[in-house]
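Numbering of residues begins at 1 and proceeds along the displayed sequence.
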Amino acid sequence: MDNSGNSQDVVVPPVEGVAGGGTAYGWNDGGTLGLNVKGPVDPTEIPTRDLVHVWCMPNTANVGPQDMARHLEPINLLAARNERESVQIAIRPKVSWAGSTAAGTVQIQCNDLCSTSGDRLIVGKSLLLRRVVPILGVPDALVPVELPVSQINLFPGETTALWISIDVPSSQPPGQYEGEIVITAIKADAESPVQSLSKVEKHQLYRDLKGCLDVIEPIDGKPLEEVVERVKSATTSLRRILVSPSFSEFISDNGPVDIMDEDAISNLSLRVKLNLTVWEFVLPETPSLPAVFGISDTVIEDRFGVQQGTAEWYEALDQHFKWLLQYRISPYFCKWADGMRVLTYTSPWPADHPKSDEYFSDPRLAAYAVPYKQVISGNVAAKDYLQKQVEILRTKTHWRKAYFYLWDEPLNLEQYDSVRNMASEIHAYAPDARILTTYYCGPNDAPLASTPFEAFVKVPSFLRPHNQIYCTSEWVLGNREDLVKDIIAELQPENGEEWWTYVCMGPSDPHPNWHLGMRGTQHRAVMWRVWKEGGTGFLYWGANCYEKATVASAEIKFRHGLPPGDGVLYYPGEVFSTSHQPVASLRLERILNGLQDIEYLRLYASRYGRDESVALLERTGVYFGPERYTFEHMPIDAMRGQIFNACRS
């Protein structure tokens, strides 16, 4: 699969026949050999490959609207069992065949992947299709489309990307699986088999329109800012309704859309071959590296209008928790207080509630946060509450997963002392409790050493024995990877001390991080860095920390003062459709890829040693350091392929 840089000498041509061009004969993008257009283009008479460019791109590519066409090659993927592997298909119109502002519509049909022994990976269950939607002009949101057949509008001079994910179940028989993605240019002039809306469609349309009214009507006495936000939200919803399939006949000048018959698909369609090798390795259900990610409960309460402690509140938190587990992430909810003190908890229910035991016992959860005080205010004294929760949890086998995260990045002696005092209280009830502290410096008003870095390195000796998980910012290291040994030398792993790392607004480009607009390999390299440096866990401060909104479908705005994308790894589904399911970002998928890479490297290390696994990262050209890692996808496939060849039975 070609993943070289885009050609820079191809100029997107002016559009004719669309938006005032006047000829209605279509336009040409990059040369359509053999297609002599002398009248309106009829996609039922012309092969789709003459109307659109189609090519495949790896999951580390950022495919933007101006990306130019490449050669189409079959897709060849490798996946372990219990792994998700992804690839992208890019589509760009060569000519226009629609009478509206769109260049035309293509129908995408996905088929099951089948092995020679008859085993299948089912469309809609194991194989998912999502459309890549730009955020601030950068490809990021992955919006689900209907399966097994969906329709996509293409626009003149723009490339559209589709993200294909294949989830391989743990029990899936190994073997070679084959399938295809069928792409067919269609027109909207065939007589629709259903001329009126069904009862279900009418009901959905009724709910959507009523939802708009529900947003607009209660505006009396509301602040102007909230009124404007509600109007914008209703406008977005109405626009989404108008472009839905129910009104497709009015979007195009050519009438309602219909699915083409099988003969037309066979004769004119473009077929993208998809080959998948499933091997016998099964990724462990419990991630080897605890990756704990924060979810702001306040953001959920504001945007979805749920009040803390209500049934709707528990339901909303439960949905976010369960959805994130699929990404090998161990979520925790967080609420921020003054001075960067945080209340963190994985389960909103008390420790003796069956739901807490369900959460903490889930094998997909590698670590869970225990709250220092009650999440929902009650009559129990704080000290009694803490003691009771700890005493209950210590009797459980999952207690080994527990940690307390009390303060984010303490800066001065007062804040560090607060951590020590809270930790002492916890350890009075549970001497084996793990306290986690994130930091990038020592107390600035009581220097621990003569230089900032030396003071940073001395934090463990200052916090000991109150802290067990020392979680340091990757920003502190800069490009000095050799400084890792100084950090590790200060720790006492024989006494249960661990070294975790985190990224946030720093480090910045070119270092690995998850900001919007960074290279795909830069996103994935965060976990390569963790593996090479030897961290045993990872923390990310927030996955849904966008600006406050009081309407679920309100426009997403990143927080002021932070790099775009920092603290936001997924979006509310209501922003893009009537779905209430969260919408993942490309960056979240690449985090999953990186966590899966760690499982591959851990397997390799179990056979050949950790040093050899690090050597493999470098030998294949995947990762040397925070400023030296691959920009291309091919070394990643080479590394995974070598692990496959070296470790398969």
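Using a 30° and 60° split on the angle between ring planes, Trp323 and Tyr570 fall in the tilted class, from 30° to 60°.
Using a 4.0 Å cut-off between a side-chain N of Lys or Arg and a carboxylate O of Asp or Glu, Arg640 and Glu83 qualify as a salt bridge. Under 4.0 Å is where a charged nitrogen must lie from a carboxylate oxygen, and between Glu481 and Arg529 no such pair does. Note on Glu589 versus Arg130: salt bridge recorded, some NZ/NE/NH1/NH2 to OD/OE distance being below 4.0 Å. Between Asp432 and Arg394 a salt bridge is recorded (basic side-chain N to carboxylate O distance below 4.0 Å). Salt bridge absent: Glu612 and Arg607 never bring a charged side-chain N and a carboxylate O closer than 4.0 Å. A salt bridge between Lys355 and Asp318 is present, with a side-chain N of the basic residue lying under 4.0 Å from a carboxylate O of the acidic one.
For His320 and Phe333, the ring centers sit 6.0 Å or farther from each other. For Phe462 and Tyr416, the ring centers are positioned less than 6.0 Å apart. In summary, the aromatic rings of Tyr314 and Trp349 are positioned with their centroids under 6.0 Å apart.
For Lys335 (side chain) and Ser296 (main-chain N/O), no donor-acceptor pair under 3.5 Å exists by modelled atom type. Using a distance-only test at 3.5 Å, with no hydrogens or angles considered, no donor-acceptor pair links the side chain of Tyr604 to the main chain of Val614. Thr521 contributes a side-chain N or O that, together with a main-chain N or O of Thr630, makes up a donor-acceptor pair within less than 3.5 Å. Checking side-chain atoms of Thr346 against main-chain N and O of Ala369 turns up a donor-acceptor pair under 3.5 Å. Of the possible donor and acceptor atoms, one in the side chain of Arg610 sits under 3.5 Å from a partner among the backbone N and O of Lys532. With hydrogens and angles ignored, the 3.5 Å screen pairs a side-chain donor or acceptor of Gln88 with a backbone N or O of Ala61. In this structure a side-chain-to-backbone donor-acceptor pair under 3.5 Å is missing from His466 to Val419. Using modelled atom types, one side-chain atom of Thr344 and one backbone atom of Tyr405 make a donor-acceptor pair closer than 3.5 Å. Checked by atom type and distance alone, the side chain of Ser330 pairs as donor or acceptor with a backbone atom of Ala366 at under 3.5 Å. Looking only at distances, a side-chain donor or acceptor of Ser424 sits under 3.5 Å from a matching main-chain atom of Arg420.
Asn467 is linked by a side chain to side chain donor-acceptor pair (under 3.5 Å) to Thr437, counting only residues two or more places apart in sequence or in another chain. In this structure Gln308 satisfies the side chain to side chain donor-acceptor pair (under 3.5 Å) test with no other residue, sequence neighbours excluded. For Thr472, the side chain to side chain donor-acceptor pair (under 3.5 Å) partners two or more places apart in sequence, or in a different chain, are Trp499. Every side chain to side chain donor-acceptor pair (under 3.5 Å) that Thr60 has, sequence neighbours left out, goes to His633. Partners of Tyr439 by ring-ring contact (aromatic ring centres under 6.0 Å, His included), not counting sequence neighbours, listed by chain and number: Phe456. Under the rule for a ring-ring contact (aromatic ring centres under 6.0 Å, His included), Tyr623 has no partner lying at least two apart in sequence or in another chain. Looking at residues two or more places apart in sequence or on another chain, you find a salt bridge (charged side-chain N to carboxylate O under 4.0 Å, His left out) between Arg587 and Asp140.
By the neighbour-count criterion of 12 heavy atoms within 6.0 Å, atom CD of Glu414 is sparsely surrounded, having that number or fewer from other residues, nucleotides or ligands.
For residues 441-463, the set of pairs meeting the salt bridge (Lys or Arg N to Asp or Glu O under 4.0 Å) definition, not counting sequence neighbours, comprises Lys458-Glu490. Contacts classified as ring pair (Phe, Tyr, Trp, His ring centres under 6.0 Å) and involving residues 508-530 (residues at least two apart or in different chains) are given here: Phe293-Trp514, Trp514-Phe538, Trp514-Tyr540. Here salt bridge (Lys or Arg N to Asp or Glu O under 4.0 Å) pairs that include residues 365-374, with residues two or more places apart or in two chains, number zero. Sequence neighbours left out, the pairs with a member in residues 513-527 that pass salt bridge (Lys or Arg N to Asp or Glu O under 4.0 Å) are Asp509-Arg519, Arg524-Asp597.
Trp163 and Asn59 are not linked by any side-chain donor-acceptor pair at a separation below 3.5 angstrom, with hydrogens and angles left out of the test. Inspection of the Trp407 and Ser418 side chains reveals no N or O donor paired with an N or O acceptor under 3.5 Å. For the residue pair Glu425/Tyr372, the side-chain donor-acceptor check at 3.5 Å is satisfied. Judged by distance alone, the side chains of Trp313 and Glu315 never bring a donor and an acceptor atom under 3.5 Å apart. Side-chain contact, Thr397 with Trp399: no donor N or O sits under 3.5 Å from an acceptor N or O. Arg84 and Gln326 share a side-chain donor-acceptor pair at under 3.5 Å. Side-chain atoms of Tyr502 and Glu409 include a donor-acceptor pair closer than 3.5 Å. In this model, no donor atom of one side chain and acceptor atom of the other lie less than 3.5 Å apart for Glu533 and Thr501. In summary, the side chains of Thr438 and Asp408 do present a donor paired with an acceptor at a separation below 3.5 Å, with no hydrogens or angles considered.
In summary, of the residues considered (Tyr359, Tyr368, Tyr345), a ring-ring contact (aromatic ring centres under 6.0 Å, His included) with Phe321 occurs for Tyr359 alone.
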Compile the donor-acceptor pairs under 3.5 Å between side chains in residues 380-388 and protein atoms, sequence neighbours left out, one pair per line.
{"from": "Gln387", "atom 1": "NE2", "to": "Glu391", "atom 2": "OE2", "distance (Å)": "3.1"}

